[in-house]
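Only heavy atoms go into these numbers, but all of them, side chains included; no hydrogens, no water, no symmetry mates. Treat the numbers as computed from the prediction; the structure is a model and nothing was measured. Along the sequence shown, residues carry numbers from 1.
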Amino acid sequence: MAGDLIVGLDVATRGEAEDMISKLGDTVDFYKIGYQLFYGGDGLIVGKELLKAGKRVFFDLKLLDIDNTVAKGVAAIADTGATMLTLHAYPKAMAAAVKAAQGSSLCLLGVSVLTSMDQADLDEAGYGMSVDDLVARRARQAREAGMGGVVASAFEARSVRDIVGPDMAVVTPGIRPAGSEKGDQKRVMTPSEALAAGASHLVVARPIIAAPSPRQSAQAVIAEMQTT
């Protein structure tokens, strides 16, 4: 399975985002817009421009609030024509989101455990269970809620795939091509490893956007994905 590459536009301004999109050209057709760009750099405008240009957009906003607020946020993003949207995989929030997205093409993704968190972080947060157990619980709850997919570390991709079946998306951030820096991610894999583990979509940001030649770096990741 070749899978889909999603490039994270982890930049601060609209200008930086548009420059990166220009550099990547037709090599990349799927972009993730997260907190930094969405809230501080006209990320919603950038996303709408990408959609107008025929690109796919993943708004990584990790919604979590009372049901009505989640529903209103999901409906607003669905109206843009975006491809994917994240929310934290809490059952009530997911149920409200699924209802709000009905009739649209928006794929809702439940975030299980952030890839920057390890067991010590979960213990400190008071979860009282292992990373594997919490990811599995969130994956089951996402499937039962009718979500479109799950966001999980590549280390949990195989177990998540077993839980959600072949049709739901398994989106893995924290992807690092061989030889690249891990940064603040604690649970990472290479593109080929992640796909072999059951991921359907790979999110890559710094190894591409911080590279001397972002286009060449993206092409190298895609080439590795296509050999899997």
Side-chain angles (χ1 to χ4, degrees), residues 1-6 30 32 34 56-78 82-119 121-122 125-175 187-189 191 193-203 225 228:
M1 179 176 66
D4 269 319
L5 170 64
I6 303 173
F30 207 161
K32 177 180 78 72
R56 292 177 290 170
V57 174
F58 166 15
F59 285 113
D60 186 17
L61 302 181
K62 300 182 179 72
L63 302 181
L64 182 61
D65 212 307
I66 63 172
D67 295 358
N68 183 64
T69 300
V70 168
K72 296 296 186 183
V74 168
I77 293 297
T83 305
M84 289 177 164
L85 171 68
T86 49
L87 57 149
H88 284 288
Y90 285 68
K92 282 176 63 63
M94 290 191 292
V98 168
K99 185 175 181 180
Q102 285 178 352
S104 76
S105 60
L106 181 63
C107 177
L108 295 169
L109 303 173
V111 178
S112 58
V113 176
L114 299 174
T115 54
S116 61
M117 298 180 72
D118 59 16
Q119 189 60 52
D121 296 316
L122 286 191
Y127 277 97
M129 65 178 66
S130 70
V131 171
D132 289 346
D133 287 346
L134 182 55
V135 170
R137 174 180 289 188
R138 296 299 193 219
R140 286 192 297 271
Q141 291 169 332
R143 182 196 65 204
E144 292 164 0
M147 296 280 283
V150 174
V151 179
S153 158
F155 284 89
E156 291 89 44
R158 193 177 305 280
S159 62
V160 168
R161 177 60 67 200
D162 289 343
I163 291 167
V164 303
D167 298 326
M168 287 177 66
V170 177
V171 179
T172 57
I175 299 300
R187 294 176 295 131
V188 301
M189 277 190 183
E193 290 171 337
L195 290 174
S200 60
H201 298 74
L202 309 185
V203 179
M225 292 170 67
T228 303

Taken to the nearest 0.5 Å, the spacing of Met94 CE from Arg143 CZ works out to 11.0 Å

Please determine whether a side-chain nitrogen of the Lys or Arg among Asp67 and Lys99 lies less than 4.0 Å from a carboxylate oxygen of the Asp or Glu. no

Hey, is the main chain of Val131 close enough, under 3.5 Å, to the side chain of Gln119 for a donor-acceptor pair? yes

In short, Leu5 meets Met225 closest at the heavy-atom pair N-CE, 3.6 Å

- request: Take atom CZ of Arg137 as the centre, draw a 6.0 Å sphere, and report whether it contains more than 12 heavy atoms from other residues, nucleotides or ligands.
  value: no

Minimal heavy-atom distance between Ala139 and Val164, with the atoms involved, is O-CG1, 3.9 Å

*State whether the side chain of Thr172 and the backbone N or O of Ser153 hold a donor-acceptor pair below 3.5 Å, judged by distance alone.*
no

Note: Ala82 and Leu106 closest approach over all heavy atoms is O-CD1, 3.5 Å

Rounded to the nearest 0.5 angstrom, the CG-CG distance for Asp4 and Leu195 is 9.5 Å

CG of Leu87 to CD1 of Ile77, rounded to nearest 0.5 Å, is 11.5 Å

| Heavy atoms, side chains only, cut-off 4.5 Å: are Met168 and Val160 in contact? | no

### Message
Using side-chain heavy atoms (C-beta onward) and a distance below 4.5 Å, is Phe58 in contact with Leu109?
### Response
yes

* Sub-4.5 Å side-chain heavy-atom contact between Ile6 and Met84 -> yes

On a heavy-atom basis, the closest approach of Ala152 and Val135 is CB-CG1, 4.3 Å

Closest heavy-atom pair, Ala93 versus Val70, reported as atoms and distance to 0.1 Å, is O-CG1, 3.7 Å

Min side-chain heavy-atom separation Arg138-Val150 under 4.5 Å: no

Tightest non-hydrogen contact, residues Val98 and Met147, listed as CG2-SD, 3.8 Å

Check: Any side-chain heavy atom of Leu122 within less than 4.5 Å of one from Met129?
Finding: no

Checklist line | Check: Arg56 side chain, Thr83 main-chain N or O, donor-acceptor pair, under 3.5 Å | finding: no

Here the gap from Glu193 atom CD to Leu202 atom CG, rounded to the nearest 0.5 Å, amounts to 11.5 Å

